[in-house]
Amino acid sequence: ASEGGGTSRSLRPTPSRFTVCIMSGASRQLALFLCGCYVVALGVHATEPRVADHHEAEHYMAAVYEHQSILTPDPLAVMSRKQALQLMNQNLDIYEQQVMIAAQKGVQIIVFPEDGIHGFNFTRTSVYPFLDFMPSPRLVRWNPCLEPHRFTDTEVLQRLSCMAIKGDMFLVANLGTKQPCHSNDPGCPNDRRYQFNTNVVFSNNGTLVDRYRKHNLYFEAAFDTPVEVDHIIFDTPFAGKFGIFTCFDILFFDPAIRLLRDSEVKHVVYPTAWMNQLPLLAAIQIQRAFAIAFGINLLAANIHHSSLGMTGSGIHSPLKSFWHHDMEDSRGHLLIAQVAKNPLGLTGTETATDKMDPSHSKFLELLAGDPYCEKDAQEVHCDGATKGDMNAAPTFHSEMMYDNFTLVPVWGKEGYLRVCANGLCCYLLYRRPTLSNELYALGVFDGLHTVHGTYYVQACALVKCGGLGFDTCGQEITEATGRFEFHLWGNFSTSYIFPLLLTSGMTLETPDQFGWESDHSFLRKRGLSSGLVTAALYGRLYERD
C-alpha cells in the first residue's frame with residue numbers, strides 16, 4: 001500500500017506492539033459527540049519533545065494546541081467589529097504565547113483548533129463582526145503581516161501572519177471569513193455575502209499559502225457550505241505535501257478521502273471542535289484510527305471545554321501517537337512531537353499468514369471453514385482451541401451511538417462468537433487471562449446512522465458494558481479491567497475501515513495486525529496495557545449516505 005493513499009483494503013497490519021506516549025488526565029463524563037463548535041480560560045501546558053538530532057533529516061517537529069478559548073458572554077448578541085476584535089485578540093494573545101514556546105522547541109508547523117479564535121453558537125448575523133475578509137490565495141499572493149492595508153477587515157489574518165513570521169514556522173488556524181457575492185449568483189444568500197468556517201495556512205515568512213472552507217458543517221447556521229468542495233493540498237520545505245480539512249469532515253468522502261488519493265499526501269492538519277462520544281467516536285479514537293487506516297500522520301488540534309465533553313488532540317502516526325485527553329484540567333495544552341517525514345504503516349498481510357501464532361492460525365482455520373465447527377443462527381461452536389462458549393449466548397439489542405446494535409454477551413475465559421445484522425457478520429475469537437466482574441459484548445450494526453448527521457455505517461464492536469445488564473451495553477464508560485487477546489473480523493462490504501482500540505483511562509493502543517484476509521477485515525491484539533474499553537472495526541459506506 002502506498003503510505004498516505006489508497007483505501008483501507010490496501011492497508012497493512014503489524015505484528016509488533018508499540019508504546020503509545022503522552023496522556024494527561026482521564027475522562028469522567030463525556031457528552032454526546034458534536035462537531036462544529038464549543039469553549040473558556042487561559043493556560044499554558046507544554047509537553048517536552050523527544051529530539052534525536054541524527055534523525056533530523058527524516059523527521060520534522062510539529063505542535064498542536066488544545067485551546068480553552070475566551071468566549072463572548074452572549075453569542076446571539078450583535079456587537080461591533082471593535083468589540084469582536086477585542087475578544088478575538090485575547091485568544092490570539094494566547095496563540096502567540098504558544099507559538100513562541102513552540103519556536104523555542106524548534107517546531108516547524110503548529111496547528112490550532114476549530115472555533116478557537118471566535119467561539120461558536122452564533123447566528124448568521126451575530127457572527128458577522130467576527131469575520132475577516134478572505135481573498136482567494138489561488139488568485140492573490142498576499143502577506144497580511146507585511147501588507148496590512150491591502151484589504152480591509154483582515155486584522156485576524158494579519159496577526160496570524162505575523163505570528164508565523166515571529167515563530168519562523170508554518171501556522172494553521174481556523175477563523176470565520178466573509179466573501180461578497182452578487183445577486184446573479186444563484187447560490188448567493190439574501191444578505192449578499194458568503195460566510196465560511198475557514199482554515200488558513202501561513203508559511204514561515206507570513207505568506208497566506210492556502211485556505212480550506214469547511215464542507216461538512218455540523219449544525220452551524222452561521223456558515224455557508226462552499227458551492228464546490230475545497231480539496232486543498234499545500235507543500236512544505238520540511239515534509240512535503242499536507243492535506244487539510246475540519247472536524248466533521250473526517251467522517252465523509254469529500255474532502256477527506258479524496259485528498260488521500262494523492263499518494264504524496266503523507267500528512268494532514270486537522271483543526272476540530274469535537275464533543276466526545278463513546279464507545280466509538282471519542283476524538284482521539286477517530287483521529288488515531290484515521291492515521292492507521294491511511295498510513296499517514298495526522299496533526300489534530302481540538303478545542304478544550306470539559307463541561308461539553310470537548311477534549312482530545314494528538315499528533316498521530318500509524319505506529320504511535322502523542323495525545324492529550326483531559327476532562328479535569330481547565331487549561332489549554334501544547335503538544336509537541338517529532339514526526340517522521342515518511343510514516344511507516346502497519347506491516348503487510350504477508351505476516352498475517354504466519355502459522356507460528358496459534359491464535360492467528362486458528363483465525364485462518366475458521367476463515368477457511370473449520371469442519372469441526374457447528375454453526376447455528378448466532379453462535380459457532382468449535383472443538384479444540386475455541387471451546388469456552390459452550391453455553392449458547394443469547395442475542396439482544398441495545399442502543400449504541402444512537403444506533404440499534406445487535407449483540408451477544410462475551411462470557412467465559414475463551415470462545416468464538418458470531419453476530420449478524422443485515423449483510424454484515426462479525427466474528428470474535430478471544431481468550432482472557434483472568435475473568436473480571438464486568439460484562440462485555442460483541443455488537444454489529446449495518447445501516448444508516450441518522451442522529452446528529454446522516455451517514456451509512458458498518459461496525460463490528462467489542463465493548464465493555466456500563467453495568468451487568470444487557471441494556472447497559474453501548475453506554476459511555478472510560479474505565480475497565482478486563483484484559484483480552486482477540487481476533488475481531490467481519491465480512492464488510494466497504495474497503496474503508498477504521499480500527500478503534502481504546503483501553504482504560506482513555507489510553508490508545510496500537511493493533512498487532514490490521515488488514516484483510518479472504519475478503520474479511522480483521523483486527524488482532526495481544527498484551528493490552530490496561531482493561532479493554534473498545535475494540536472495533538468502524539466501516540463507512542460513503543456511497544450509501
Side-chain angles (χ1 to χ4, degrees), residues 30-43 64-81 83-95 111-132 134 156-157 160 172-178 189 193-200 211-226 245-251 270-277 281 283 300-313 327 330 332-333 452-453:
L30 287 177
L32 67 92
F33 138 69
L34 176 63
C35 208
C37 352
Y38 309 85
V39 255
V40 178
L42 162 63
V64 300
Y65 183 60
E66 184 166 306
H67 177 50
Q68 175 113 2
S69 71
I70 299 162
L71 299 175
T72 175
D74 182 4
L76 303 182
V78 178
M79 59 175 64
S80 67
R81 173 69 174 173
Q83 290 171 316
L85 283 170
Q86 285 176 340
L87 183 137
M88 290 190 290
N89 275 319
Q90 293 180 67
N91 289 308
L92 289 166
D93 288 344
I94 300 170
Y95 279 25
V111 184
F112 291 100
E114 181 184 24
D115 299 332
I117 297 171
H118 56 274
F120 41 78
N121 285 348
F122 294 99
T123 65
R124 186 173 181 85
T125 302
S126 67
V127 80
Y128 183 70
F130 291 85
L131 306 180
D132 268 33
M134 168 60 75
V156 175
L157 291 169
L160 294 170
V172 179
N174 175 271
L175 72 158
T177 65
K178 60 188 177 183
R193 64 178 183 265
Y194 288 113
Q195 300 181 174
F196 296 117
N197 175 335
T198 305
N199 297 337
V200 287
R211 60 99 172 90
Y212 166 73
R213 299 166 301 179
K214 187 177 181 181
H215 182 68
N216 297 287
L217 296 173
Y218 190 87
F219 300 100
E220 298 169 74
F223 294 116
D224 299 303
T225 301
F245 48 83
T246 310
C247 204
F248 204 36
D249 287 328
I250 203 168
L251 292 181
Y270 179 58
T272 185
W274 190 285
M275 289 179 88
N276 292 288
Q277 189 185 14
L281 284 178
N302 197 5
I303 213 74
H304 187 85
H305 200 309
S306 56
S307 65
L308 291 167
M310 303 183 83
T311 182
S313 304
M327 290 289 288
S330 62
H333 187 95
H452 305 127

Check your understanding: Which pair of non-hydrogen atoms, one from Ser126 and one from Pro75, has the smallest distance, and what is that distance?
Key -> OG-O, 2.6 Å
Check your understanding: What do the steps show when you test Arg211 against Thr177 for side chain to side chain contact (heavy atoms under 4.5 Å, CB included), and what is the final call?
Key -> CA-CA 10 Å; Arg211 60 99 172 90; Thr177 65; over 6 Å; no
Practice item. I would like to know whether Leu251 and Asp249 meet side chain to side chain contact (heavy atoms under 4.5 Å, CB included); could you show each step before the answer? Key: CA-CA 5 Å; Leu251 292 181; Asp249 287 328; over 6 Å; no
Exercise for review: Identify, with sequence neighbours excluded, every residue that meets ring pair (Phe, Tyr, Trp, His ring centres under 6.0 Å) alongside Phe112.
Suggested key: Tyr95
Point to revise | ring pair (Phe, Tyr, Trp, His ring centres under 6.0 Å) partners of Phe223, counting only residues at least two apart | key: none
Check your understanding: What's the shortest heavy-atom distance between Thr311 and Met327, and which atoms?
Key -> CG2-SD, 3.7 Å
Check your understanding: Roughly how far, to the nearest 0.5 Å, is the CD1 atom of Ile117 from the CG atom of Leu175?
Key -> 5.5 Å
Review point. Hey, are the side chains of Pro271 and Val172 touching, using non-hydrogen atoms and a 4.5 Å cut-off?
Key: yes
**Study point:** Positive for side-chain hydrogen bond (donor to acceptor under 3.5 Å, both in side chains) with Asp224, one of Arg124, Arg213, Lys214
**Key:** Arg124
Exercise for review: Verify the distance criterion only: is there a donor paired with an acceptor across the side chains of Ser307 and His305 at less than 3.5 Å?
Suggested key: yes
Exercise for review: Mind checking the CG-OG spacing from Leu85 to Ser80? Nearest 0.5 Å is all I need.
Suggested key: 8.5 Å
Point to revise | Distance, nearest 0.5 Å, that separates CE of Met310 from CD of Glu66 | key: 9.5 Å
Check your understanding: Taking all atoms of both residues into account, what is the closest heavy-atom pair of Ile303 and Gly116, and its distance?
Key -> CD1-CA, 3.5 Å
Practice item. Evaluate the criterion side chain to side chain contact (heavy atoms under 4.5 Å, CB included) for residue pair Thr246 and Tyr270; output intermediate values, then yes/no. Key: CA-CA 6 Å; Thr246 310; Tyr270 179 58; 5.8 Å; no
Check your understanding: Where do Leu157 and Met134 come nearest, in terms of heavy atoms and distance?
Key -> CD2-CE, 3.9 Å
Check your understanding: What distance do Leu71 atom CG and Asn121 atom CG have between them, rounded to the nearest 0.5 Å?
Key -> 9.0 Å
**Study point:** Exercise: identify the closest heavy-atom pair between Val64 and Ser313
**Key:** CG2-CB, 4.3 Å
Check your understanding: Which class fits the ring pair Phe122 and Phe130: parallel under 30°, tilted 30 to 60°, perpendicular over 60°?
Key -> tilted
Exercise for review: Nearest 0.5 Å please: distance from the CD1 atom of Ile70 over to the CE atom of Met88.
Suggested key: 13.0 Å
Review point. Is the closest side-chain donor-acceptor distance between Gln195 and Arg193 under 3.5 Å?
Key: yes
Point to revise | Worked check of side chain to side chain contact (heavy atoms under 4.5 Å, CB included) between Thr198 and Asn174 | key: CA-CA 6 Å; Thr198 305; Asn174 175 271; 5.8 Å; no
Review point. Under 6.0 Å between ring centres, would you say that holds for Tyr194 and Phe196?
Key: yes
Practice item. Kindly give the heavy-atom pair with the smallest separation between Ala84 and Pro129, and that separation in Å. Key: CB-O, 3.5 Å
**Study point:** Validation row: Asn302, Pro113 side chains within 4.5 angstrom (heavy atoms)
**Key:** no
Point to revise | CG-CG distance between Leu160 and Asp132, expressed to the nearest 0.5 angstrom | key: 8.5 Å
Exercise for review: Please tell me if the side chains of Cys247 and Tyr218 come closer than 4.5 Å, counting only heavy atoms from C-beta onward.
Suggested key: no
